[in-house]
Peer 1: 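Just passing along the structure, written as structure tokens.
Quick caveat, the model's predicted, so the values are computed rather than measured. The figures that follow rest on heavy atoms only: side chains count, while hydrogens, waters and symmetry mates do not.
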Amino acid sequence: MTQDSSIPAAEIVIEAHDVDKIYDTGTVRTHALRKVSLSVPRGEMLAIMGPSGCGKTTLLNCLSGLDDFDGGVVLINGTDISRMADDRKTEFRARDMGFVFQTYNLLPVLSAVENVELPLIVSGMRPKIAREKALSSLDRVHLRDQANNRPAQLSGGQRQRVTIARALVNRPAIIWADEPTGALDSATATEIMDLIVELNEAEHQTCVIVTHDPKVAARCHRTIHMADGVIERENTQAEMAAVALGGN
């Protein structure tokens, strides 16, 4: 259902085949993902929805290499991440992926620009070049004028913009977002989604968004719905727009 054979293989950025994930605490064994298969073409904005505990965040973490999985294959731009050593996987994520989380994950003692440039500094980039790239990334999210402010001096929406700037600073092929509007009021959530859509259209980056909000899903090209570790169904953007408006 989630594999589209009409899409040329060269255009598939994310490809998962029969991905299994089991959490075993010794006393409780949870089958979080059950042979999940999925293809995401270049430039697509894909939403993942479902009730708490359905496996949507686990799927994002397994696809992005943040979590290991117990069976199946995940290919990112044709590269099998399951076969990578941990240090190689970390390097691969830093170069080709960006992450946006609900809780921002900004360091409170650093300014906005220092938070954005931090992954570049850690990866060994010269400080002057890292600063130029960080300021350019803040420009892209319309926040350069707040570059020297610390997170406590920024609104929730501005902090999420800094997080997006950090995710984009290396111009990655894929952006992974886990509930990026979950901590925001509705007006600010709309503003953040406007920005994500604008950047997707301008940069043609692939974006995978875990969300509980039909209004967020309606901004994406396609939505998959998960339950009990499997993909139950998918909806088009038009179908999710009807849901968001209270339709069927």
Peer 1: Tell me, do E179 and D213 make a side-chain contact under 4.5 Å, heavy atoms counted?
Peer 2: no

Peer 1: Can a donor-acceptor pair be found, under 3.5 Å and without considering hydrogens, that links the side chain of H221 to the backbone of M45?
Peer 2: yes

Peer 1: May I ask you to test the I76-I14 pair for a side-chain heavy-atom distance under 4.5 Å?
Peer 2: yes

Peer 1: Give a yes or no on whether L110 and L154 share a hydrophobic cluster (residues Ile, Leu, Val, Met, Phe, Trp, Tyr; joining criterion: side-chain heavy atoms under 4.5 Å apart).
Peer 2: no

Peer 1: Could you tell me whether the side chain of S37 and the main chain of D18 form a donor-acceptor pair under 3.5 Å?
Peer 2: yes

Peer 1: Who else is in Y23's hydrophobic cluster (ILVMFWY, side-chain heavy atoms under 4.5 Å, direct or via others)?
Peer 2: none

Peer 1: Group every Ile, Leu, Val, Met, Phe, Trp and Tyr by side-chain heavy-atom contacts under 4.5 Å, then state whether I129 and I121 land in the same group.
Peer 2: no

Peer 1: Measure from the side-chain N and O atoms of Q160 to the backbone N and O of F101, and report whether any donor-acceptor pair falls under 3.5 Å.
Peer 2: yes

Peer 1: For a 4.5 angstrom cut-off between non-hydrogen side-chain atoms, does L66 reach R93?
Peer 2: yes

Peer 1: How about M240 and P214: do any of their side-chain heavy atoms sit closer than 4.5 Å?
Peer 2: yes

Peer 1: Listed by chain and number, what are the side chain to side chain contact (heavy atoms under 4.5 Å, CB included) partners of S111, not counting sequence neighbours?
Peer 2: V113, E114

Peer 1: For V73, which fellow cluster members are found when Ile, Leu, Val, Met, Phe, Trp and Tyr are connected by side-chain heavy-atom distances below 4.5 angstrom, either directly or through intermediates?
Peer 2: L75

Peer 1: Hey, does P151 have a side-chain heavy atom less than 4.5 Å from the side chain of N115?
Peer 2: yes

Peer 1: Transitively linked via ILVMFWY side-chain contacts under 4.5 Å: V169 with M125?
Peer 2: yes

Peer 1: Is it true that D68 and K89 make a salt bridge, defined as a side-chain N closer than 4.0 Å to a carboxylate O?
Peer 2: yes

Peer 1: Any chance CG of D228 has more than 12 other-residue heavy atoms, nucleotides or ligands included, within less than 6.0 Å?
Peer 2: no

Peer 1: Is a side-chain donor or acceptor of K56 paired with a backbone partner of I48 at a separation under 3.5 angstrom?
Peer 2: no

Peer 1: For a 4.5 angstrom cut-off between non-hydrogen side-chain atoms, does I164 reach L195?
Peer 2: yes

Peer 1: Keeping the roles fixed (side chain from S136, backbone from E132), state whether a donor-acceptor pair exists under 3.5 Å.
Peer 2: no

Peer 1: Kindly determine whether R219 and D194 satisfy salt bridge (charged side-chain N to carboxylate O under 4.0 Å, His left out), including the steps that lead there.
Peer 2: CA-CA 9 Å; R219 305 296 299 276; D194 286 345; 2.9 Å; yes

Peer 1: Hydrophobic cluster mates of I22, side-chain heavy atoms under 4.5 angstrom, ILVMFWY only, any path?
Peer 2: none

Peer 1: Decide yes or no for F99 and N105: does some side-chain heavy atom of the first lie under 4.5 Å from some side-chain heavy atom of the second?
Peer 2: no

Peer 1: Restricting to non-hydrogen atoms, name the atom on I196 and the atom on C207 that form the minimum distance, rounded to 0.1 Å.
Peer 2: CG2-SG, 4.1 Å

Peer 1: H31 side chain to L33 main-chain N or O, any donor-acceptor pair under 3.5 Å?
Peer 2: yes

Peer 1: Which heavy-atom pair separates L143 from V162 by the least distance, and what is that distance?
Peer 2: CD2-CG2, 3.5 Å

Peer 1: Check the hydrophobic clustering (I, L, V, M, F, W, Y; side-chain heavy atoms under 4.5 Å; chains of links allowed) and say if M84 and L60 are grouped together.
Peer 2: yes

Peer 1: Quick test of your reading: applying salt bridge (charged side-chain N to carboxylate O under 4.0 Å, His left out), list the pairs with at least one residue in residues 155-171, sequence neighbours left out, ordered by first then second residue.
Peer 2: R161-E191, R171-E203

Peer 1: Using the rule given for side chain to side chain donor-acceptor pair (under 3.5 Å), can you reason through N77 versus T79, listing the C-alpha separation, both sets of side-chain angles and the distance that settles it, and then say yes or no?
Peer 2: CA-CA 6 Å; N77 279 325; T79 299; over 6 Å; no

Peer 1: For T236, enumerate each residue passing the side chain to side chain contact (heavy atoms under 4.5 Å, CB included) test, keeping only those at least two apart in sequence or located in another chain.
Peer 2: A238, E239

Peer 1: Can you find a heavy atom in the side chain of N235 that is under 4.5 Å from one in the side chain of V243?
Peer 2: no

Peer 1: In Å and rounded to the nearest 0.5 Å, what is the CD1 to CG distance from I81 to L63?
Peer 2: 7.0 Å

Peer 1: Is a side-chain N or O of S137 found less than 3.5 angstrom from the main chain of K133, in a donor-acceptor match?
Peer 2: no

Peer 1: Measure from the side-chain N and O atoms of T206 to the backbone N and O of G43, and report whether any donor-acceptor pair falls under 3.5 Å.
Peer 2: yes

Peer 1: Is the backbone of P172 close enough, under 3.5 Å, to the side chain of Q205 for a donor and an acceptor to pair up by distance?
Peer 2: yes

Peer 1: Would V122 and V109 show up in the same hydrophobic cluster when neighbours are defined by side-chain heavy atoms closer than 4.5 Å?
Peer 2: yes

Peer 1: Look at the side chain of Q237 and the backbone N and O of R222, then say whether any donor-acceptor pair between them is shorter than 3.5 Å.
Peer 2: no

